[in-house]
Novice: 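Pasting a structure here, questions to come.
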Amino acid sequence: MNWPDILTALGAAGGGGILLKTMEHWLNRGKTKFDEKQQFINDLKEELVSQKSETRSLKELNDKLEQTADELRMKSQNLHYKTEMWKLNIANELAKKSIRWEDIPGLNNE
């Protein structure tokens, strides 16, 4: 081998190495961007799962609150019904004795 062939071989090897490193860098850059995007997608998925879980918990709490409100509403209606029945019974007993509700001091007919 002579010097020009050796220099050509060394140049080709160096150029090939540089070309190989450039290609590797370029491909890794794309992979890095892909990894970043994949990580972003994974983070969004985790946040979505977390929000779904929180939403489910809030819905369960809301259902319990609505059930409690319904129970309280029913108790209130029952109490109102019992109060009205009590007033009617008292008014009936007063009527049997010819006493008017309005004639009793301190009571009003509400």
Novice: Just by modelled atom types, is the Ser53 backbone N or O under 3.5 Å from a matching donor or acceptor in the Ser57 side chain?
Specialist: yes
Novice: Rounded to the nearest 0.5 Å, what separation is found between the CG atom of Asn92 and the NZ atom of Lys97?
Specialist: 11.5 Å
Novice: Quick check: does any side chain N or O of Thr55 sit under 3.5 Å from a backbone N or O of Gln51, one acting as donor and the other as acceptor?
Specialist: yes
Novice: Would you compute the distance between atom CG of Leu48 and atom CD1 of Ile41 and round it to the nearest 0.5 angstrom?
Specialist: 13.0 Å
Novice: Could you state the interatomic distance from NZ (Lys59) to CD (Glu66), rounded to the nearest 0.5 Å?
Specialist: 8.0 Å
Novice: With rounding to the nearest 0.5 Å, note down the distance linking NZ in Lys64 to CD in Gln67.
Specialist: 9.0 Å
Novice: Pick out which of Glu84, Gln77, Lys82 makes a side chain to side chain contact (heavy atoms under 4.5 Å, CB included) with His80.
Specialist: Glu84
Novice: As a quick check of understanding, evaluate side chain to side chain donor-acceptor pair (under 3.5 Å) for Glu46 and Asn42, giving each step before the final call.
Specialist: CA-CA 6 Å; Glu46 288 177 17; Asn42 290 341; over 6 Å; no
Novice: Does CD in Glu71 sit with more than 12 non-hydrogen atoms of other residues, nucleotides or ligands closer than 6.0 Å?
Specialist: yes
Novice: State the CG-CD distance between Asp43 and Gln38, to the nearest 0.5 angstrom.
Specialist: 10.5 Å
Novice: If Ile, Leu, Val, Met, Phe, Trp and Tyr residues are connected whenever their side-chain heavy atoms lie under 4.5 Å apart, and connections chain through other members, are Leu88 and Ile99 in the same group?
Specialist: no
Novice: Applying side chain to side chain contact (heavy atoms under 4.5 Å, CB included), run through Asn89 and Glu93 and close with a yes or a no.
Specialist: CA-CA 6 Å; Asn89 287 337; Glu93 291 297 320; 5.6 Å; no
Novice: How long is the gap from CG on Leu61 to CG on Leu65, to the nearest 0.5 Å?
Specialist: 4.5 Å
